[in-house]
Number of protein chains: 2
Amino acid sequence: MIGEKKRTYDPLALRARILDVAAAAFQARGYHSTSTHDIMREAGVTGGALHHHFPTKKSLGLAVIKERVGPAVQESWIDTVRHARTALDGILRAFDDIAESIDNRGTVLGCPLNNLAIELSLADPEFQEAMRHIFAVWRDAVADKLRSERSDAQQARQAEELATFVVASYSGAIAIAKAQQNAEPLRTCARQLAAMLGQRPPARRRLAREQPAS
Amino acid sequence: MIGEKKRTYDPLALRARILDVAAAAFQARGYHSTSTHDIMREAGVTGGALHHHFPTKKSLGLAVIKERVGPAVQESWIDTVRHARTALDGILRAFDDIAESIDNRGTVLGCPLNNLAIELSLADPEFQEAMRHIFAVWRDAVADKLRSERSDAQQARQAEELATFVVASYSGAIAIAKAQQNAEPLRTCARQLAAMLGQRPPARRRLAREQPAS
DNA sequence: TTTGAAACAGGACGACCGGTCTTTTCTGGA
DNA sequence: TCCAGAAAAGACCGGTCGTCCTGTTTCAAA
């Protein structure tokens, strides 16, 4: 069953298959630990085909970030938050969905954006810019949702900072989850965020001294 | 000044120099992107010397984690929190010190523990266990401090979860900071943690530069 | 049917990887 | 003083890396 294949001649499908395989491999093993030969083998393509669509490994990595990692964040976070009833609902939903998928899978691969951001931000300015942009879009989407439900001008201005905090909490939680290979840190951080965001203070600058038990 | 050197014959110093160079390289470029030849060149040692102290690259990586990354977390976080007046003071101090060092350096290398945890947790069980342990010690130290200042039994029980949240916030903040190459996410998250944990208003950093010894 | 460009095959390439080897140099205890 | 063994040197190995090159196949327009 080797060598019996004919050429499909479907460039877009082949390109998509390479991207899918590369995205999965980069998430699971990292960029530098994945060789182009690995990708060729797993995707069932030859070196010529790979080189035709992606002349260098870097171009493949960049395409994975823009065409796979970005949309993944869009789906798992941005769309979830945007379509939720409240910002907190959306945030908790995103945490919970990912925690559940981790339980189902059994292993924690980590956030594809976070993984690549840490591995490649300093390696190459183009990588850094691509990932910085995704982080910014992500944070802005959360900030918009938070802002939309806060009439108070003071708190609306805080939305941006709060959104950064939410994104950071998630990124760190999944990093710890990866280190201990279970979803518990995600659920813990989700609970803390709920406690923090749940209290709806309409007051002006009345920051809670201590959380009232409710 | 090349080739003029005689043998120092100071095994411990040579071993320490290799570890220092490797730790710096792993933090800046990552484990897989750093070759043993890089380390040999930068540390000014030959292959024989490197192999004598660290037979494999993995053994070097493990030693870096246990003898450099662990103590770095101990110094920058655990000691800082433990010796601070309150848990919040210690946490803010840790954030602020690291943000300041980032400003001084100009580039964000990222948290050495976080960097390696994300790159190596899935690669090897021994790496994973070593880093999981450091995360646990770190979190427990923060939890102990939080617990010590809460007489309420309900809140004391929350200390562990809160500590996980603090560590996650920091890890995520520095990941985003690395992606955008500035310390702003660290300061933002520190302000949000301050608002969440305590009384401190989001003022400019008013933290005493030097803590009184007693 | 012809033809030119795109899509793909398959392997060659030089560089470099991590690791091993043998040899030489140094040292502390007997 | 001697010497067993640790410490360090430096060449060396098989394997693999990312890239590139030369053909071959396929499609669509002429």
Side-chain angles (χ1 to χ4, degrees), chain A residues 1-23 25-26 28-65 116 119-120 123-124 126-127, chain B residues 1-23 25-26 28-65 116 119-120 123-124 126-127:
Chain A
M1 52 188 289
I2 296 178
E4 297 287 336
K5 284 279 188 162
K6 285 199 165 186
R7 284 199 193 183
T8 308
Y9 217 87
D10 189 345
L12 273 70
L14 182 55
R15 200 188 115 98
R17 197 165 79 239
I18 293 172
L19 279 176
D20 289 337
V21 167
F26 290 166
R29 304 193 296 272
Y31 177 83
H32 285 114
S33 302
T34 303
S35 73
T36 54
H37 294 272
D38 289 340
I39 294 169
M40 284 161 45
R41 183 171 32 79
E42 290 176 33
V45 298
T46 60
L50 180 59
H51 182 258
H52 176 73
H53 290 283
F54 306 100
T56 65
K57 190 183 181 184
K58 173 179 169 178
S59 72
L60 174 58
L62 235 31
V64 165
I65 292 172
L116 291 179
E119 188 178 1
L120 300 176
D124 188 287
E126 285 189 68
F127 281 130
Chain B
M1 52 188 294
I2 296 177
E4 297 288 335
K5 285 279 188 162
K6 284 197 164 187
R7 280 202 193 182
T8 308
Y9 221 88
D10 188 345
L12 271 71
L14 183 56
R15 197 188 117 98
R17 198 165 78 238
I18 293 173
L19 278 177
D20 289 337
V21 167
F26 290 166
R29 304 193 295 273
Y31 178 83
H32 285 113
S33 302
T34 303
S35 73
T36 54
H37 293 271
D38 290 340
I39 294 170
M40 284 162 46
R41 182 171 33 79
E42 289 175 34
V45 298
T46 60
L50 179 60
H51 181 258
H52 175 74
H53 290 284
F54 307 101
T56 66
K57 189 184 180 183
K58 174 179 169 178
S59 71
L60 174 58
L62 235 33
V64 165
I65 292 172
L116 291 179
E119 187 178 1
L120 300 176
D124 188 287
E126 285 190 69
F127 281 130

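Basis for what follows: all heavy atoms, side chains included, without hydrogens, waters or symmetry-related copies. Proteins come first, then strands; the chains are lettered A, B, ... in the order of their sequence lines, and each starts at number 1.
- The CG atom of B/Asp20 sits 11.5 Å away from atom CD1 of B/Ile39, with the distance rounded to the nearest 0.5 Å.
- With rounding to whole Å, A/Tyr31 atom OH is found 12 Å from D/dC17 atom C1'.
- Atoms CG (A/Leu12) and C1' (D/dC27) sit 14 Å apart, rounded to a whole Å.
- In this structure, NE2 of A/His32 is placed 15 Å from P of C/dC16, rounded to the nearest angstrom.
- One atom, CD1 of A/Ile18, and another, P of C/dA7, lie 12 Å apart when rounded to the nearest Å.
- Nearest-nucleotide mapping onto DNA chain D: of B/Ala49 and A/Lys58, the residue sitting toward the 5' end is B/Ala49.
- Residue B/His51 places no side-chain N or O under 4.0 Å from the OP1 or OP2 atom of C/dG19.
- In this entry the distance linking NE2 of B/His53 with P of D/dA6 reads 13 Å, nearest Å.
- Of the two residues contacting DNA chain C, namely A/Met40 and B/Gly48, the nearest-nucleotide position lying further toward the 5' end is that of A/Met40.
- Here the side chain of B/Glu119 pairs no donor or acceptor atom with the backbone of A/Gly30 at under 3.5 angstrom.
- Backbone-only contact: B/Thr34 has heavy atoms under 4.0 Å from sugar-phosphate atoms and none from a base.
- Between B/Arg15 atom CZ and B/Phe54 atom CZ the span is 4.0 Å, to the nearest 0.5 Å.
- No engagement by B/Ser33 is indicated, since no non-hydrogen atom pair under 4.0 Å with the nucleic acid exists.
- Comparing D/dT19, C/dA7, C/dG18 against the side chain of A/Pro11 picks out C/dA7 as the nearest.
- Note on B/His52: every side-chain N or O is 4.0 Å or more away from OP1 and OP2 of D/dA8.
- Side-chain atoms of A/Glu126 do not come within 3.5 Å of backbone N or O of A/Leu62 as any donor-acceptor pair.
- How far NZ of B/Lys57 is from OG of B/Ser35: 7.0 Å, rounded to the nearest 0.5 Å.
- Distance A/Leu62 CG to D/dG18 P: 16 Å, rounded to the nearest Å.
- A close approach under 4.0 Å does not occur between any side-chain nitrogen or oxygen of A/Thr46 and OP1 or OP2 of C/dG10.
- Across the protein-nucleic acid pair, A/Arg29 atom CZ and D/dC17 atom P stand 10 Å apart, rounded to whole Å.
- Across all strands shown, B/Leu50 has no heavy atoms under 4.0 Å from either base or sugar-phosphate atoms.
- In this structure, CZ of A/Arg41 is placed 18 Å from C1' of C/dG11, rounded to the nearest angstrom.
- Among the heavy atoms of the strands lying under 4.0 Å from A/His37 is at least one base atom, whether or not backbone atoms are also near.
- Residue B/Ser35 places none of its side-chain N or O atoms closer than 4.0 Å to OP1 or OP2 of C/dC16.
- Heavy atoms of A/Asp38 sit nowhere under 4.0 angstrom from any nucleic acid atom.
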